[in-house]
Structure formats: structure tokens, C-alpha cells
Amino acid sequence: DAGVTQSPTHLIKTRGQHVTLRCSPISGHKSVSWYQQVLGQGPQFIFQYYEKEERGRGNFPDRFSARQFPNYSSELNVNALLLGDSALYLCASSSALTSGSYEQYFGPGTRLTVT
Amino acid sequence: KNEVEQSPQNLTAQEGEFITINCSYSVGISALHWLQQHPGGGIVSLFMLSSGKKKHGRLIATINIQEKHSSLHITASHPRDSAVYICAVRTQGGSEKLVFGKGTKLTVNP
């Protein structure tokens, strides 16, 4: 069974451009979360989607947006890129929204470099 | 002050040593995760705990809910254990987002 997949693996963009990152959850998982990990730091929560609805948002500007599709895959969009947006973007999926016992499974990440 | 603090930040050990990584948190949680991240970025979930102790192979994780503290132990460490170990807590209520520590970089020398 395939794990969480993310595309692209690496991406280089210029300041001011926009970017779309994609995530496919494990089959049967309905919850997708996005995290940003700046070099040397732990990941920071950006969004959680469950059943195509936003269920949580971290402390990120409105330039960051996301959506979840009927097949539970998800896109993260970042507009007006800044140098500080350079990071590893991680997607994680799980089978439940509110449960004390569900696991989150992480994808390999997309490394975004903004020049 | 971060909601999740890990110590130490960096740890170097000789092969075979017993290793302990600590995690303290200041928020109410529904679960605590220990994660392993190798160079290149991929994150693997090692444990999810809400109470007590779990063991998997040479890895042991414990949590004390009253003291808001968890430890990850590695017995008979091996160079392949070299990685960044991250503690993350699932906060109570709402979206139950994960809040991460900054990680502990472990290097095990042969």
C-alpha cells in the first residue's frame, strides 16, 4: 500500500511568484495536514483538512491557502513568495479527525527554495 | 517559551551507549508523538503515547502526564540510529494540530 506522496520533490521559485504543492494521502485517510519546516527548526502547523473542509489553521498569513478534493488529495498554495518561505513542506494524513488514538503518517516533503 | 521543549539539542554517543532524549510540554494534550527525521527530510512516526510506556525493539518511550514530560530511550545505540528525533504533541480540542519541538540531533559514532 502506497504511503503519503507529495509532489514535486524539489522546487525553485523567484520572489513574488506563486507555488502549488500537492499531497496524496494514504488510501482511506480523510484527514490531511500541512506543515512548514524551516531549516534547523521543528515543523510548524499550517492547515488541517478533513472531509474537504478546513478544520484548523496555524499562524500563517493569508498568502497561504489550501484545499482538499473529493478524493481527499490536497493542494497547498502560496502566493507572493518571500525568501522566508523557503522550507520543507510536509503533508501528513490520518484516518480520523478527533480521536486520541490515530496516527499521522508523513510524506517525504517538498523542498521549496525561493530566490 | 516554546510549548514543546526538547533536550538536549545535540547528542553524540558511541555505539552501544544508552541514550535518553527528553521532552517537556506546557499545554494540554491528547497524545504525544516521537518522530524520527533522517537527512533529506522524511519523517517516520516511532511512537504515539497518551499514557505509560511503549517499547519497540531497542526503542522505549515513556510519558508522565502529571509532570508533562516524556522520554525516548535507545538501548544499544547504533550508527544507523543517527537522525533528528522530534517530540510532537497533539493539543486538545479544535483541530488537534501537532505542535513540534525543535528536535534533538543524535549522532552515534562507531
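Chain identifiers are assigned alphabetically (A, B, ...) following the order of the sequence lines, protein sequences preceding nucleic acid strands; residue numbering begins at 1 within each chain. Everything numeric in this text was worked out from a predicted model, so none of it was measured.
Around atom NE2 of A:His18, no more than 12 heavy atoms belonging to other residues, nucleotides or ligands sit under 6.0 Å away.
In this structure, chain B has a heavy atom under 4.5 Å from the backbone of A:Pro108, while its side chain stays farther away. Looking at A:Gln37, the atoms closer than 4.5 Å to chain B (heavy atoms on both sides) all sit in the side chain, from C-beta outward. For B:Ile86, the part sitting under 4.5 Å from any heavy atom of chain A is the side chain, from C-beta outward, and nothing else. With a 4.5 Å cut-off on non-hydrogen atoms, B:Leu35 touches chain A through its side chain but not through its backbone. Within the 4.5 angstrom heavy-atom criterion, only side-chain atoms of B:Gln37, from C-beta onward, approach chain A.
The interface of residues 58-65 of chain A with chain B, defined by heavy-atom distances below 4.5 Å, is empty.
A distance-only check finds no donor-acceptor pair linking the side chain of B:Thr20 to the backbone of B:His73 [under 3.5 Å]. A distance-only check finds a donor-acceptor pair linking the side chain of B:Ser70 to the backbone of B:Thr62 [under 3.5 Å].
B:Phe47 and B:Phe100 fall into different hydrophobic clusters, where Ile, Leu, Val, Met, Phe, Trp and Tyr residues are linked whenever their side-chain heavy atoms come under 4.5 Å apart, directly or through other members.
For the atom pair CD of B:Gln66 and OG of B:Ser51, the computed distance is 10.0 Å after rounding to the nearest 0.5 Å.
Put simply, the side chain of A:Thr110 does not reach to within 4.5 Å of the side chain of A:Leu76, judged on heavy atoms.
The salt bridge (charged side-chain N to carboxylate O under 4.0 Å, His left out) analysis of residues 24-39 of chain B, with sequence neighbours excluded, yields no pairs. The side-chain hydrogen bond (donor to acceptor under 3.5 Å, both in side chains) contacts involving residues 76-87 of chain B comprise B:Gln36-B:Tyr85, B:Arg58-B:Asp81, B:His78-B:Arg80, where partners must be two or more places apart or lie in separate chains. Within the structure, the disulfide (SG to SG under 2.5 Å) test picks out the following pairs touching residues 16-84 of chain A (sequence neighbours left out): A:Cys23-A:Cys91.
Heavy-atom pairs under 4.5 Å with chain B were tallied for A:Pro43, A:Gly42, A:Ser33; the largest tally goes to A:Pro43.
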